[in-house]
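Structure, as structure tokens:
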Amino acid sequence: MKSFNYKKSLGQNFLKDKNIIKKISDNINPNENDLIVEIGPGAGALTKELVKKNCDIICFEIDERLKEILEAIDSDRINIVFKDFLKVNLSEYIDREKYNHIYFVGNLPYYITTAIINKIISESDPYEIIIMVQKEVGERFSSKPNSKNYNSLSVFLQYNFDIKKIVNVSKQSFIPMPKVDSMVIKLKKNKKYIVNDEEYFYRFVKDSFAQKRKNLKNNLKNYDLNKLDRILKSLGKDLTYRAEALSVVEFVNIVNELK
Ligand code: SAM
């Protein structure tokens, strides 16, 4: 890859640390009837390990300059699609009936991490998502109420998944070296909570955090504030609290009472 002109705009920092590649791969354990979806395989550092897993694999890579190198990977169960993952219609490529579990794996540009996760959750039914993220972002995923990083994404992810850190990854593990350290996170599906109306739940959480500095009263003007105040008081809180004070289970309870 010495002569490759790495594109910063595509977040092209390729993994070179074999221990990290092995650690990620060891944490993905599909069965024969499962599917791995790899987003942004790059020069295939991880892909070459994933094809040993004996299940189907589909990769989405935006950069066609990587075609030759990726198509040289020896496997009859791999399908490489040269398209922008954010723009594809996943149901065109994934036959949901055919697979038991779907694993999403990716080491992607950090500026699209949230968009990628939102797409995976809304368009598919992921069993596990194993993803490399910027260290601070990884900490945000599992952060708790009242901590600096807690936001609507923390609530969405903790509502849907168990979140586990797999490994910290230093900048030296990549070529070229990025500015920030990273972390590999595993999100494993685990629906512990029941909400009556999931769409309403997502909207309510998003609206609650709409303006970080504002309290619930100001962020939730379009909701029934009297009823909301009564529910909050039963939880020992009120409308002057900010969204960051509410735990996932409190959000679930509020929404189930409100709707
Ligand atoms: N997985 C490889 C590795 O770990 O060495 C490459 C990781 S590199 C950080 C990110 C890869 O994602 C690059 O190959 C880049 O071209 C690709 N990429 C960036 N945006 C993408 C998108 N929207 N859809 C698909 N691939 C994308």
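Indexing begins at 1, ligand by ligand and atom by atom, following the structure's order. Remember, predicted model here, so these are calculated numbers, not experimental data. Sequential numbering from 1 along the given sequence is applied to the chain's residues.
Under the side-chain contact (heavy atoms from CB on, under 4.5 Å) criterion, E68 pairs with no residue at all, not counting sequence neighbours. Partners of E38 by salt bridge (Lys or Arg N to Asp or Glu O under 4.0 Å), not counting sequence neighbours: none found.
Here the two rings, on Y159 and F251, have centers that are 6.0 Å apart or farther. If you look at F14 and F174, their ring centroids are not closer than 6.0 Å.
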Check ligand 1 for N or O atoms under 3.5 Å from a protein N or O and list each pair with its distance.
residue  : atom   : partner : partner atom : Å
ligand 1 : 1 (N)  : G40     : O            : 2.8
ligand 1 : 4 (O)  : N107    : ND2          : 2.7
ligand 1 : 5 (O)  : L15     : N            : 2.8
ligand 1 : 14 (O) : G42     : N            : 3.4
ligand 1 : 14 (O) : E61     : OE1          : 2.8
ligand 1 : 14 (O) : E61     : OE2          : 3.4
ligand 1 : 16 (O) : Q12     : NE2          : 2.9
ligand 1 : 16 (O) : E61     : OE2          : 2.6
ligand 1 : 23 (N) : D84     : OD1          : 2.8
ligand 1 : 24 (N) : F85     : N            : 3.0
ligand 1 : 26 (N) : I62     : N            : 3.3

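A cation-pi arrangement, defined by a distance under 6.0 Å to the six-membered ring centre and an angle within 45 degrees of its axis, is absent between K144 and Y150.
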Which pairs would a plain distance check flag for residues 111-118, meaning a side-chain donor or acceptor within less than 3.5 Å of a matching protein atom at least two apart in sequence or in another chain?
residue : atom : partner : partner atom : Å
Y111    : OH   : S9      : O            : 2.3
T113    : OG1  : Y110    : O            : 2.9
N118    : ND2  : T114    : O            : 3.4

